[in-house]
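In what follows, every heavy atom counts, from backbone to side chain, and hydrogens, waters and symmetry copies are set aside. Residue numbering restarts at 1 for every chain, and letters A, B, ... go by the order of the sequence lines.
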Number of protein chains: 2
Amino acid sequence: MTVTLADVAARAQVSPATVSRVLNGNYPVAASTRERVLKAVDELDYVLNGPASALAAATSDLVGILVNDIADPFFGIMASAIQAEIGGPGGRAGGERLAVVCNTGGSPERELTYLTLLQRQRAAAVVLTGGAIEDAEHQAAMDAKVRKLTEAGTRVVLCGRPPAPDTGAIALTFDNRGGGQELTEHLIGLGHRRLGYIAGPEERTTTRHRLEGHRAALAAHGIEEDPRWTVHGRYDRRSGYEATLELMRRDPSLTAVVAANDSVALGACAALRDSGLRIPEDVSVAGFDDLPFSIDAVPSLTTVRLPLADAGARAGRIAMGREEAPPGGIASVRGELMVRGSAGTPRAS
Amino acid sequence: MTVTLADVAARAQVSPATVSRVLNGNYPVAASTRERVLKAVDELDYVLNGPASALAAATSDLVGILVNDIADPFFGIMASAIQAEIGGPGGRAGGERLAVVCNTGGSPERELTYLTLLQRQRAAAVVLTGGAIEDAEHQAAMDAKVRKLTEAGTRVVLCGRPPAPDTGAIALTFDNRGGGQELTEHLIGLGHRRLGYIAGPEERTTTRHRLEGHRAALAAHGIEEDPRWTVHGRYDRRSGYEATLELMRRDPSLTAVVAANDSVALGACAALRDSGLRIPEDVSVAGFDDLPFSIDAVPSLTTVRLPLADAGARAGRIAMGREEAPPGGIASVRGELMVRGSAGTPRAS
DNA sequence: AGCGTTTTAGCAAGCGCTTTCTATATAGGG
DNA sequence: CCCTATATAGAAAGCGCTTGCTAAAACGCT
C-alpha cells in the first residue's frame, strides 16, 4: 500500500539501513550510493514514517510552542520568531522539524494537557511563552511536568516567562518590573503626580510584575498611591476602554493613565477621546510591549518595547541547542522605553 | 528508564493488551480490571508513547492547522475555533488530539513543507485556512499533496479557502466576491460614484475575489472605473495607510475608500485623518472581515462580517468526522454587511 | 606483497504499542 | 447438569524505522 523504507532500499539495491542513513545524514555514505538512494526516494515519492522513526530513535522532530492567546499579536510575534528559528520548513540544512503552536487560551488545564500531549509525542523541545499563572497548585503541577520533560531529554525553554527553578528549564524572562518602573518614572519626570493604572488579570505574573514596577516608581518619588487609581482588567482593548472610564469616574483629576499593555492603552485612548479629553494635553497615556500598531496610533504610543522577536529567536535557538543557554539557565531581558506622543506634561489644572 | 505499557501491565497484573484496551476504550474490559489498570497508570505516572502507538495503529492523534500569518487575528480567530473544536486538551471524552497550528507566513514552500511534515507524522486530519496562492505550478503541487493525504486517509478541510477539485478535500469557502459586491453596492447606494479600492497582494485568491465583487458592483451601476482608483498592498495597517495616501494623491476627488480588510481600512482612516479629512463627512471608508477591533474604531467600521469562528468550528467538526461534509464537499459561506459609522453619504462637492 | 586502518554497507535486534486470533470463564437454555 | 452463546483476557505477530555490531572492501604504509 504505502511505500516504506524497504521499498526504497530494494529499488536502490541497498539495505534499509543505508537508506535510513542517507535520509538522516548522520553516517558516512558514499556519494554514489547516496545519489542512488535519493533517486529511488524521489521516484517512489517516499515519505518517511514519522512515528516509526520517532519510536526507533526515541525522539521525534516535533517542537511545541505554547501560547496563551493565539489571536494576540504579542504571542503571534514571538511564536513566529520561534518557529522561524526552529527551522522546520524553510529551515537550515536538516531542519525538518515540525514546529507547532498550541493555544492554551490562558487555561491552566489546557496548559497542562498540552504539555502531556507533547510529552506523549516525545517532542524534541518545547517553548513556553508569556506570563505564568499565579496559582501555587497549578505551578507545582507545571513544574513537575516540566521536570519530567527535561529529565526525559526534552529541552524546555521559557520565553517571556518567569524562571521555574530546579526544573531544568531555561528561562528568558522579560524584566516587566524594571520596564514598568522606568515607564512610570518617565511620566513622573514629565510632572505627573496623579497616575491611574490599568492592570491585567490578577492571576498572571506579568500583571503583578508590571504593577510592582509602577508602584516602585511612585514610592521612589514619594508619591502616595490612592487605592482608586488601580483597576484590573483583561489584556485587550475593550477592557482598557471600560477601565479608563471607571478610572476617570473615580478620580477625574488623574493626569495620566498607565496601561498594562498597548491594546489596553489604545482602549484607554478611545475612552478618553470619547470623554472629550485630548491626549496628551488633558491626559497622558502609556502602554507596554510596543506592538507594531502602537507607533501608528494617533498620537503614537509612549510605551516599553519588548524585544519579542529577538527573544523568540533566541529561545528557538536555545531550544535547538544551537545557542548556549545563559549562565544559570536564566536571563532577564530588558525592555526599552519608547518616548512618543501619547505622554506629555500634565495639564495645569 | 521510562515506564512502558508492560510496566503498567505487570503492576496491574494483566496483559499489555488489556492495558492498551482500557487506554483506548474501544474494547470491553471488566470494570474491576479497568479500575486496576487505571490505578497502576496513575501510580506509575505513565504516559503513552505516542509514536509507538501511532506506528502500531497506523494513524496518529495529530491534527494540523495551516495558517498564513499567525500574528493576524483573522487567522488567530479561526485557528482558535478550530483548535477548540478538535478537542485536544479540554476536549470531549477521548478527545486527546493534539491540534497544532503551523505558520506558513504566506510562503508557498513552507505551505508545501508543512503538508509533507504533517503527512510524515501521519496526521489524522489537516485544516488549511485562508486564501490560496494563485500560482498554477504551486497549486498543482498543493493539490497533488492534498490528494495524497486524503488517499492515505487523512481528512483535509479547507476553511475560508477556495475548493480544490478532485483532491478529496472538503471546502468551506467564504463568498468574498459576494461580500465585496454587497459592500460596494451599499456605498453606491449611499451616493458614492468615485470609489478608491485598496486591494491585497495580487497573488492571493482572496484579493482577486473581493476585487471582482467590487468591480461587479460598479459595473452593475454603470460606474466606469478609473485605473487610478485601484492600488495593491499587503493586508496590514501600514500598507493601508500608504495606499490611501497614494490613492488621494492620484485622485483627490474620491469620496470613498474600500479596503481589502479591516486592518487596511484602519490604516486608511489614519491616513485620511492625517490629511485633514474627516470620516465619513469628507471620505467614507469600508473594510472587510469585521475583526473585533473594527467596532471599536472611531468611527466604527462599516465592513463585511465573516463568520470566522463559526466556520472554524464547523471545519474542526468536519475534520473530526463529527459533522457531515456539505453536499459535493463544497460550501460557500456568506458574509454579512455591517453598516456602521465609517461610511456615509458623499460630501457635496 | 602483507598488514593494519579507514570507509562503507549489511544484519538483526529491538523501540513500545495495537490488534487478530485464540483461550478461558461465565451465563443462559433445554 | 451438559452444551452452546457471550463476555473477557492473553499470546504473539507485526507496524516501519534506527543503530550497534560486524563484515567486507579500499586504502596507505612499510
Side-chain angles (χ1 to χ4, degrees), chain A residues 1-38 40-41 44-62 94 96 117 119-124 152-153, chain B residues 1-38 40-41 44-62 94 96 117 119-124 152-153:
Chain A
M1 188 67 218
T2 57
V3 18
T4 73
L5 234 211
D7 300 329
V8 176
R11 173 142 206 161
Q13 315 238 53
V14 297
S15 72
T18 302
V19 176
S20 171
R21 297 205 254 247
V22 343
L23 256 25
N24 288 294
N26 50 10
Y27 193 88
V29 172
S32 62
T33 313
R34 174 198 320 288
E35 221 162 276
R36 208 143 30 93
V37 169
L38 257 18
V41 165
L44 295 176
D45 212 0
Y46 171 69
V47 174
L48 186 67
N49 183 315
S53 169
L55 172 59
T59 178
S60 78
D61 53 4
L62 235 205
E96 283 297 25
L117 248 19
Q119 176 185 12
R120 167 185 299 191
Q121 296 294 332
R122 303 300 187 255
Chain B
M1 189 69 217
T2 57
V3 17
T4 73
L5 235 210
D7 300 329
V8 176
R11 172 142 205 158
Q13 316 237 55
V14 296
S15 71
T18 302
V19 176
S20 171
R21 298 204 254 247
V22 343
L23 256 24
N24 288 293
N26 50 12
Y27 193 90
V29 173
S32 62
T33 312
R34 172 198 322 288
E35 222 161 277
R36 208 143 29 93
V37 169
L38 257 18
V41 165
L44 293 176
D45 213 359
Y46 170 69
V47 174
L48 186 67
N49 182 315
S53 169
L55 172 58
T59 178
S60 79
D61 54 5
L62 235 205
E96 283 297 23
L117 249 18
Q119 176 185 12
R120 166 186 300 190
Q121 297 293 333
R122 304 299 188 254

> If you walk 5' to 3' along DNA chain D, what is the first nucleotide with an atom under 4.0 Å of a heavy atom in chain B, and what is the last?
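First-to-last contact on DNA chain D, by the 4.0 Å heavy-atom rule, is D:dT8 to D:dG16.
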> If an axis is fit to five pairs at each end of the helix from C:dA1-D:dT30 to C:dG30-D:dC1, what is the angle between the two, to the nearest 10°?
30°
> So if I take residues 48-61 of chain B and measure heavy-atom distances to DNA chain D, which residues fall below 4.0 Å?
B:Leu55, B:Ala56
> Identify each donor-acceptor pair in which a side-chain atom of residues 4-13 of chain B lies under 3.5 Å from a protein atom, sequence neighbours left out, and give them as a table.
from, atom 1, to, atom 2, distance (Å)
B:Thr4, OG1, B:Ala6, N, 3.2
B:Asp7, OD2, B:Thr4, N, 2.8
B:Arg11, NE, B:Glu43, OE1, 2.9
B:Arg11, NH2, B:Glu43, OE1, 3.1

> Measuring only between side-chain heavy atoms, which start at C-beta, is A:Val3 closer than 4.5 Å to A:Asp45?
no
> Once rounded to the nearest 0.5 Å, what's the spacing between atom OG1 of A:Thr2 and atom CG of A:Leu44?
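A:Thr2 OG1 to A:Leu44 CG: 11.5 Å, rounded to 0.5 Å.
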> Enumerate donor-acceptor pairs with a distance under 3.5 Å from any side-chain N or O in residues 23-34 of chain A to protein atoms, sequence neighbours excluded.
from, atom 1, to, atom 2, distance (Å)
A:Asn24, ND2, A:Ser20, O, 2.9
A:Asn24, ND2, A:Ser20, OG, 3.4
A:Arg34, NH2, A:Val29, O, 3.4

> With a 4.5 Å heavy-atom cut-off, do A:Arg122 and A:Leu55 have their side chains touching?
no
> Would you compute the distance between atom CG of A:Leu38 and atom OH of A:Tyr46 and round it to the nearest 0.5 angstrom?
12.5 Å
> I'd like to compare against my own output: the B/S/- annotation of nucleotides 4-12 of chain C with a strict under-4.0 Å heavy-atom distance to protein.
----SBBB-
> Can a donor-acceptor pair be found, under 3.5 Å and without considering hydrogens, that links the side chain of A:Ser60 to the backbone of A:Gln121?
yes
> What distance do A:Leu62 atom CG and A:Arg120 atom CZ have between them, rounded to the nearest 0.5 Å?
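So the gap between those two atoms works out to 13.0 Å.
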